[in-house]
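Notes to accompany the following structure.
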Amino acid sequence: MKPIRYERRKYTQGPTPIERLERLSQVLGGPHISIKRDDLLGLTAGGNKTRKLEYLVADAIRQGADTLITCGAVQSNHCRLTLAAAVREGLRCQLVLSAPETGDYNPQAGGNHLLFHLLGAEQIEVIPADGDMLAAMEKLADSLREAGRKPYLIPVGGSNEIGSLGYMACAEEIEQQAWESCTPFDYVVTATGSGGTQAGLIAGFLARQSSAKVIGINVSRDRASQEAKVQELLARTAAEVGLQATIHADVVQCEERFVGPGYAIPTEEMVEAVQLVARTEGILLDPVYTGKAMAGLIGLIREGRFSQDDHVLFLHTGGAPALYTASELFLPKQG
Ligand SMILES: Cc1ncc(COP(=O)(O)O)c(C=O)c1O
């Protein structure tokens, strides 16, 4: 592998903790489950995008950018964290949001959307659900360039070969922690959406010649399209860092069965998973990503996918602000 010469900003002090989930493991009668607390990463309210942004924002600063432009859903954690990184760096930030597929855009929406306003996004442009987010970002960038400013575009989810470096670094961190605690992980389970988290982890484990297998739990797509997406990004990331390892297609494993009717649409399994983890471990998951990912882990355990002796690491990728927009799912029913 080429020595990695990327610049990196640092938004978190030290590694995020890995905690054993003894009570959850006991209730499920399954393998040894641990959790990697990436919900405790730095920047406003933490989550996986903080790791990607350490590399993306360093690249933006190296190029002399004064404004970050990115895009996502109305409750995008990625938009919240890109904006938070911009605030931290004294940059400006503009957001393109795609309206929900079901229902109208609510300009009064709470959660991440509230934080976009609180953190002071310079501009928020809302486009229809089937609109072209990249074209909308390019348009914003063109008008900034005309005004003599220097925009830097970050793709949806921060998922390109630079953002993925953040999760290569996370794989390195996990291996180091596993080494220190004498507990190598057989599996790492993560939510997978734009794919940078899964692709970065796989690249990082391959670079380390680790035997940890990564299982992605889809939050939006079917299996074939999600696997193709992650494979493509993995190949680009591997080429970027000059990874020598042979990459077999089957290193990318994605489970589609826990998506339910669609992205951000609640499922019974997600509600059960969020409640179970809250009530056994006091840890909060979110309804869109980590709740479905945990539903996936629970489902795979019940199907007998793991042996009793396996060590499984669940990656908590964050997302808590969205939990507070879904109170109707968790409060007792009225009447
Ligand atoms: C909380 C949370 N978890 C997981 C993911 C999925 O990560 P990725 O887009 O890298 O696949 C996201 C993406 O937005 C997220 O916000």
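Ligands are counted one by one from 1 in listed order, and the atoms in each one are counted from 1 as well.
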Pairs of donor and acceptor atoms involving the side chains of residues 258-271, under 3.5 Å and at least two apart or interchain, shall be tabulated with distances.
| from | atom 1 | to | atom 2 | distance (Å) |
| --- | --- | --- | --- | --- |
| Tyr263 | OH | Tyr289 | OH | 2.7 |
| Thr267 | OG1 | Met270 | N | 3.0 |

Backbone N/O of Gly196 and side chain of Ser159: donor-acceptor pair under 3.5 Å: yes
Protein residue, atom and distance nearest to atom 4 (C) of ligand 1, heavy-atom basis: Thr317 OG1, 3.2 Å
Any Gly195 heavy atom less than 4.0 Å from ligand 1: yes
Nearest heavy-atom neighbours spanning Asp59 and Ile162: OD2-CD1, 3.5 Å
Pair Glu125 + Lys139, salt bridge at N-O below 4.0 Å: no
Heavy-atom pair with the smallest gap, counting every atom of Leu28 and Arg302: CD2-NH2, 4.3 Å
Closest protein heavy atom (residue, atom, distance) for atom 13 (C) of ligand 1: Lys49 NZ, 2.5 Å
Atom 2 (C) of ligand 1 [closest protein heavy-atom partner, distance rounded to 0.1 Å]: Tyr289 CG, 3.4 Å
Atoms of ligand 1 close to Gly319 [distance to a heavy atom under 4.0 angstrom, numbered from 1]: 1 (C)
Arg208 and Glu172 ion-paired at < 4.0 Å: yes
Atoms in ligand 1 flagged as close to Thr197, the criterion being non-hydrogen separation under 4.0 Å: 7 (O), 8 (P), 10 (O)
Identity and separation of the nearest protein heavy atom to atom 16 (O) of ligand 1: Asn77 ND2, 2.9 Å
Side chain, backbone, both or neither: Asn48 near ligand 1, heavy atoms under 4.0 Å: side chain
Thr290 near ligand 1 by a heavy-atom separation under 4.0 Å: no
Distance filter under 4.0 Å to Thr192 heavy atoms, resulting ligand 1 atoms: 11 (O)
Scan the side chains in residues 228-239 for donor-acceptor partners under 3.5 Å anywhere in the protein, sequence neighbours excluded, and list what turns up.
| from | atom 1 | to | atom 2 | distance (Å) |
| --- | --- | --- | --- | --- |
| Gln231 | NE2 | Ala249 | O | 3.0 |
| Glu232 | OE1 | Arg236 | NH1 | 3.4 |
| Glu232 | OE2 | Arg236 | NH1 | 3.4 |
| Arg236 | NE | Glu161 | OE1 | 3.3 |
| Arg236 | NH2 | Glu161 | OE1 | 2.7 |
| Thr237 | OG1 | Leu233 | O | 2.7 |

Asp286, any N or O under 3.5 Å of ligand 1 N or O: no
Ligand 1 atoms in contact with Gly318 (distance to a heavy atom under 4.0 Å): 1 (C)
Check: Gly193 N/O within less than 3.5 Å of ligand 1 N/O: yes
Close-contact set for ligand 1 against Lys52 heavy atoms, below 4.0 Å: 8 (P), 9 (O), 10 (O)
Glu122 and Arg92 ion-paired at < 4.0 Å: yes
Under-4.0 Å salt bridge between Glu303 and Arg305: no
Atom 9 (O) of ligand 1: the protein heavy-atom neighbour that sits closest, reported with distance to 0.1 Å: Ser194 OG, 2.5 Å
Asp66 backbone acceptor or donor facing Arg149 side chain under 3.5 Å: no
